[in-house]
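Contents: one structure, followed by commentary.
Throughout, numbering of the chain's residues begins at 1 and tracks the sequence.
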Amino acid sequence: MLGGIRILLAALAAALLLGQSVPSRAQTTEENKAFLETASRTLRWEEPAEPVKIIGPLYFVGTKGLGAWLFTTTEGLILLNTGMPSSGPMIEASIRKLGFSPDDIKILLTGHAHIDHAGGHAYIKQLFGAKVAAMDSEVQNLESGGESDFFYGRDVDVLGFAPAYVDRVLRDGDQVRLGDVVLTALHTPGHTRGATTWTTTIVDGGKAYSLAFPDGGGINPGYRLADRPSYPGIEADYRNTLHRLEMLKPDIWFSSHLEKMDFDGKRERATTEGVSAWVDPEGYRKFVATQRRAFEDQMDKEMAPARKSAEGP
Ligand SMILES: [Zn+2]
């Protein structure tokens, strides 16, 4: 029984990893618990990682599997994503290791309010007084610790996290500025209602690079888009989000799930190649194309029974 569940979970984790969808149905609490444990273990969400400078004012302070990004500005620090609830102290340690003080974290952001990206928000906010800025339609998710999430909210005991009060409510296209760094918030809903893609321009070595932190286009196991949709309008949200992500042409891009952006490979190459190792417009195009394919595949699957009955026996 347990072995069967393990195989199922391994398949789910693999599907998630590959960005594929799996047969849709509600997950049980036990399945959610085992899924979270399996994903965390196989994708190394809770293993500490060495922090590293990436480009200009941008540093990596995440775990082996999860991206957390630190912008150092003339007026303090901006932290984008806080990983799992266990990641807070790891991120804190990474920031200190780089020679910065977590007391200088002024602004706390996330791509979306799930346990693996906003899990450490409350920790960072409480200890260091950072102000949380979030997309209007993601505020409830952050402030309820995931309880208002359209999909995982019904299993908040397993998939919830410590709530973090939002100090600044953002709308699509709003900018977050601190010192000499300006980040633009694009509302890219689907994965959550308030998922946010962050973009910015960074100058390094006299050259300007466009950066994107795409979010919102990934479909998790169990989500439904068209046939008994997970929330009204989810299909249109994904369509608009994928279109928007397809329109972006970043030089450098980041995924909060590091394996999707070959973080380790780029990091290794950067030791000899420098900033150019992070430049990857083709990788971004492929990443969004994979999400687009997963969306169309799931639409086909969900619409197949309806088509059959329309065609008759
Ligand atoms: Zn998520």
Side-chain angles (χ1 to χ4, degrees), residues 16-17 19 43-45 49-73 77-84 87 90-91 94-95 98 107-114 116-120 133 135 176 181-186 188 191-192 195-204 208-218 241-242 244-271 273-291:
L16 190 67
L17 188 66
L43 302 176
R44 306 169 80 189
W45 287 356
E50 275 298 305
V52 69
K53 181 181 164 97
I54 295 174
I55 176 172
L58 177 62
Y59 295 77
F60 163 78
V61 292
T63 64
K64 288 278 188 194
L66 296 174
W69 317 101
L70 185 75
F71 293 88
T72 59
T73 86
L77 307 172
I78 302 172
L79 180 60
L80 170 55
N81 291 335
T82 55
M84 292 283 281
S87 310
M90 296 181 201
I91 290 171
S94 290
I95 292 172
L98 290 168
I107 301 174
L108 195 48
L109 307 171
T110 189
H112 67 268
H114 276 162
D116 48 345
H117 310 299
M135 192 58 67
V176 170
V181 169
V182 182
L183 297 168
T184 301
L186 303 178
T188 46
H191 187 81
T192 64
T196 304
T197 292
W198 293 96
T199 63
T200 189
T201 302
I202 296 287
V203 178
D204 186 291
Y209 298 86
S210 59
L211 270 59
F213 301 78
D215 209 292
T241 286
L242 289 168
R244 223 163 170 194
L245 294 179
E246 284 161 356
M247 292 297 107
L248 295 179
K249 307 276 183 244
D251 301 311
I252 300 177
W253 66 285
F254 300 91
S255 172
S256 48
H257 288 290
L258 298 179
E259 72 281 357
K260 294 191 176 175
M261 59 168 285
D262 185 28
F263 180 82
D264 289 342
K266 286 174 178 167
R267 176 184 185 142
E268 176 63 30
R269 286 194 297 281
T271 59
E273 296 170 23
V275 165
S276 67
W278 297 101
V279 176
D280 183 24
E282 180 61 15
Y284 176 78
R285 206 191 54 73
K286 282 186 187 157
F287 168 75
V288 180
T290 300
Q291 292 196 324

Any donor-acceptor pair under 3.5 Å linking the side chain of Ser210 with the backbone of Thr201?
no

Rounded to the nearest 0.5 angstrom, the NZ-CG distance for Lys64 and Leu258 is 10.5 Å

Taken to the nearest 0.5 Å, the spacing of Arg285 CZ from Trp253 CH2 works out to 12.0 Å

The reported gap from OG in Ser255 to CG in Asp215 (rounded to nearest 0.5 angstrom) is 8.0 Å

Exercise. List the steps, then state whether side-chain contact (heavy atoms from CB on, under 4.5 Å) holds for Thr196 with His112.
Key: CA-CA 6 Å; Thr196 304; His112 67 268; over 6 Å; no

Here the pair of heavy atoms bringing Gly65 nearest to Glu259 is O-OE1, 4.1 Å

Would a 4.5 Å heavy-atom cut-off, applied to side chains only, mark Pro57 and Val181 as touching?
yes

### Task
Take Arg267 and Phe60 through the side-chain contact (heavy atoms from CB on, under 4.5 Å) test and state the conclusion after the steps.
CA-CA 10 Å; Arg267 176 184 185 142; Phe60 163 78; 3.9 Å; yes

Hits for side-chain contact (heavy atoms from CB on, under 4.5 Å) against Val288, two or more places apart or cross-chain, chain-then-number order -> Leu245, Glu246, Tyr284

Just say parallel, tilted or perpendicular for the rings of Phe254 and Trp69, cut-offs at 30° and 60°. tilted

Q. Can you check whether Leu79 reaches Val61 side chain to side chain, under 4.5 Å on heavy atoms?
A. yes

Check: Is there side-chain contact between Phe71 and Ile107, with heavy atoms separated by less than 4.5 Å?
Finding: no

Heavy-atom nearest pair, Gly119 first then Thr82, reads N-OG1, 3.7 Å

Between the OH atom in Tyr59 and the CG atom in Leu70, the distance rounded to the nearest 0.5 Å is 8.5 Å

Side chain to side chain, Arg244 and Thr197, heavy atoms closer than 4.5 Å:
no

Of Val203, Leu58, Val279, the one forming a side chain to side chain contact (heavy atoms under 4.5 Å, CB included) with Tyr209 is Val279

(message) Does either side chain, that of Thr241 or that of Thr188, offer a donor lying less than 3.5 Å from an acceptor on the other one?
(response) no

Tightest non-hydrogen contact, residues Ser94 and Pro51, listed as O-CG, 3.6 Å

What one should report as the nearest heavy-atom pair of Met135 and Ala185 is CE-CB, 3.9 Å

CD1 of Ile55 to CH2 of Trp278, rounded to nearest 0.5 Å, is 10.5 Å

Do Asn81 and Ser256 meet the criterion of a side-chain donor-acceptor pair at a distance under 3.5 Å?
no

Exactly one candidate in Leu183, Asp251, Ile252 meets side chain to side chain contact (heavy atoms under 4.5 Å, CB included) with Leu211; the answer is Ile252

* To do: Could you label the plane-to-plane angle of the His117 and His257 rings as parallel, tilted or perpendicular, counting under 30° as parallel and over 60° as perpendicular?
  => perpendicular

**Message:** I'd like to know if the side chain of Thr63 reaches the main chain of Trp45, judged simply by a donor and an acceptor atom lying under 3.5 Å from each other, with no hydrogens or angles considered.
**Reply:** yes

Interatomic distance, CG@Leu77 vs CD1@Ile95, rounded to 0.5 Å, equals 6.5 Å

Is it the case that the side chain of Thr110 and the backbone of Ala113 share a donor-acceptor pair, with hydrogens and angles ignored and the cut-off at 3.5 Å? no

In terms of heavy-atom contacts, Ala195 and Gly216 come closest through CB-CA, 3.6 Å

Shortest non-hydrogen pair, Leu248 vs Ala212, comes out as CD1-CB, 4.5 Å

| request: Salt-bridge test for Asp280 and Lys286: reply yes if a basic N is under 4.0 Å from a carboxylate O, no otherwise. | output: no

